Every structure is written in structure tokens, then in C-alpha cells.
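First up is the structure itself, then whatever we jot down about it.
Atoms within a ligand are numbered from 1 in the order they appear, just like the ligands themselves. Because the structure is predicted, anything quoted here is derived from the model rather than measured.
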Amino acid sequence: MERIFGRPIVTQEEMRARIRELGKQITTDYTGKDFVLVGVLKGAYAFYADLARAIRIPMRVDFLMVTSDGSRAKTSGKVKMVTELTEDIKDKDVLLVEDIVDSGLTAQYLVKTLAKKKPRSIKVCTLLSKPDRRTNNVTIDYVGFKIPNKYVVGYGLDYQQKYRNLPYLAVLDIEGDQE
Ligand code: 5GP
């Protein structure tokens, strides 16, 4: 059995305050635009719900779901879109909402893929960024928190599909015994 312990790295209060700031900034930047907020599932679901409610302009909401092969504790190098957008984003201003940008592969792939649908603009907002791990050149326009190279769970982020419902963000420590 493995035992998992989480040490908080971002508290609920810090999260709330930062998301309020991001919401204000995005409201200013997208006022008067034909705005679509696109959430990247599953990881971004909690952040998306809070961010959307901190943005005070009319917008469309949409989602896509991605998976990557292999263990979710590492970026495996292959991203797959498993559900498509339902909104037509042609000529619209799209903001992609991600949970975390690590190597940058997922964000780069999604920006490239969605750009084919000819939006007027496409930008990326991520709750978390691990700048030390970046290997793919992608512009991240809004970052909630820069974090060190540690595996984090909670607030939408998983370890083997669990811990997404943790209301704060924690560093995962795994202690394995061989039972
Ligand atoms: P990237 O494509 O930027 O390398 O990785 C992005 C994806 O890797 C995220 O959407 C997430 O699923 C996963 N990931 C990277 N770092 C972490 C982490 O610290 N915790 C969790 N739960 N997932 C992570």
C-alpha cells in the first residue's frame, strides 16, 4: 500500500485572492471582445469555475478534454484531445484555461490545434507554472502561481485520478511500502 501525504503549497485564501486579480485583469483585457473561455479538462475544472465567476464580462464557455500517455506523474510526450469544442471559435477571442504548464507540450499542442479553427486571438491562462521544466516554447499570458519542480495535487490536479477534490494545493509525498 502506498501512503500519500500532502503539504499545502498554496492555501485556499491565497488561491481566492490571486484568482480575483486574474479575473480583474482578464475583464480589462477582454472587454468589448467576442470572448470564449475554454477549459482544459479534467485538471482545470476547479480553477475554471472560480476564474469564470471572477470575470465580469459576457462570454461563452467551452471545454475540451486531453489525456497524455503513460504515468500522470510525468509528462509523457504525447497529448491527445479526447473531446472537441462545441462552440465555433472562428473570429473569436479565445482564452485557454489550464491547470498547470510543465514542459509546455500540452499548451503548445492545444494552441497549435485550435489556431487551425481561425480564432481572432488565442491566449493561455494557467493556474500554475513550473518554469524550470519548460522544454517547449509557448507563450503563457496569465499565470496564477509559479511553483518549483515538485508534483502537486488538489484544486483539480490529480495523482492517479484522485485528490482532485482537495480544496487547496499540496505537494505530494509518496511513501511506498510493498504491501
Ligand atoms: P505539460 O504538457 O506542460 O508538460 O504538462 C501538463 C500536464 O502535466 C498537466 O495538465 C498535468 O496533467 C500534468 N502535470 C504536470 N505537472 C504536474 C503536477 O505537479 N501535478 C499534477 N497533478 N499534474 C501535473
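With a 4.5 Å cut-off on side-chain heavy atoms, Asp29 and Asp141 do not count as touching.
Distances from atom 3 (O) of ligand 1 to the heavy atoms of Asp102, Leu128, Leu41, Val79 put Asp102 nearest. Among Leu172, Ile100, Ile9, Val138, the residue whose heavy atom lies closest to atom 14 (N) of ligand 1 is Ile100.
Heavy-atom contacts from other residues, nucleotides or ligands closer than 6.0 Å to CG of Asn137 number 12 or fewer.
Under a 4.0 Å heavy-atom criterion, Ala107 is not in contact with ligand 1. The shortest separation from a heavy atom of Tyr159 to ligand 1 is not under 4.0 Å, leaving the residue out of contact.
Remark: Lys42 fails to qualify as a cation-pi partner of Tyr45 under the 6.0 Å distance and 45° angle criteria applied to the six-membered ring.
Close approach of ligand 1 to Lys150 (heavy-atom distance below 4.0 Å) involves ligand atoms 19 (O). Annotation for ligand 1: atoms under 4.0 Å from non-hydrogen atoms of Val101 are 3 (O). Atoms of ligand 1 lying under 4.0 Å from at least one heavy atom of Thr106, given by number and element, are 1 (P), 2 (O), 5 (O), 6 (C). The Asp99 neighbourhood of ligand 1 comprises atoms 9 (C), 10 (O), with distances under 4.0 Å to a heavy atom of that residue.
At a 3.5 angstrom cut-off on N or O pairs, Glu98 does not count as close to ligand 1. Checking only distances, Val153 never comes within under 3.5 Å of ligand 1, N or O to N or O.
Neither the backbone nor the side chain of Asn136 comes within 4.0 Å of ligand 1, counting heavy atoms alone. Residue contacts with ligand 1 for Lys130 involve side-chain atoms from C-beta outward but no N, CA, C or O (heavy atoms, distance under 4.0 Å).
Among Leu166, Asn165, Leu127, the single residue meeting the side chain to side chain contact (heavy atoms under 4.5 Å, CB included) criterion with Tyr155 is Leu127.
Between Glu21 and Arg18, at least one side-chain N (NZ, or NE/NH1/NH2) sits under 4.0 Å from a carboxylate O, which counts as a salt bridge. A salt bridge links Arg60 to Asp34: at least one charged side-chain nitrogen sits closer than 4.0 Å to a carboxylate oxygen.
When every heavy atom of Pro131 is checked against every heavy atom of Ile147, the shortest pair comes out as CD-O, 3.9 Å.
In this structure, Tyr48 and Phe63 have tilted ring planes: the angle between them lies in the 30° to 60° band.
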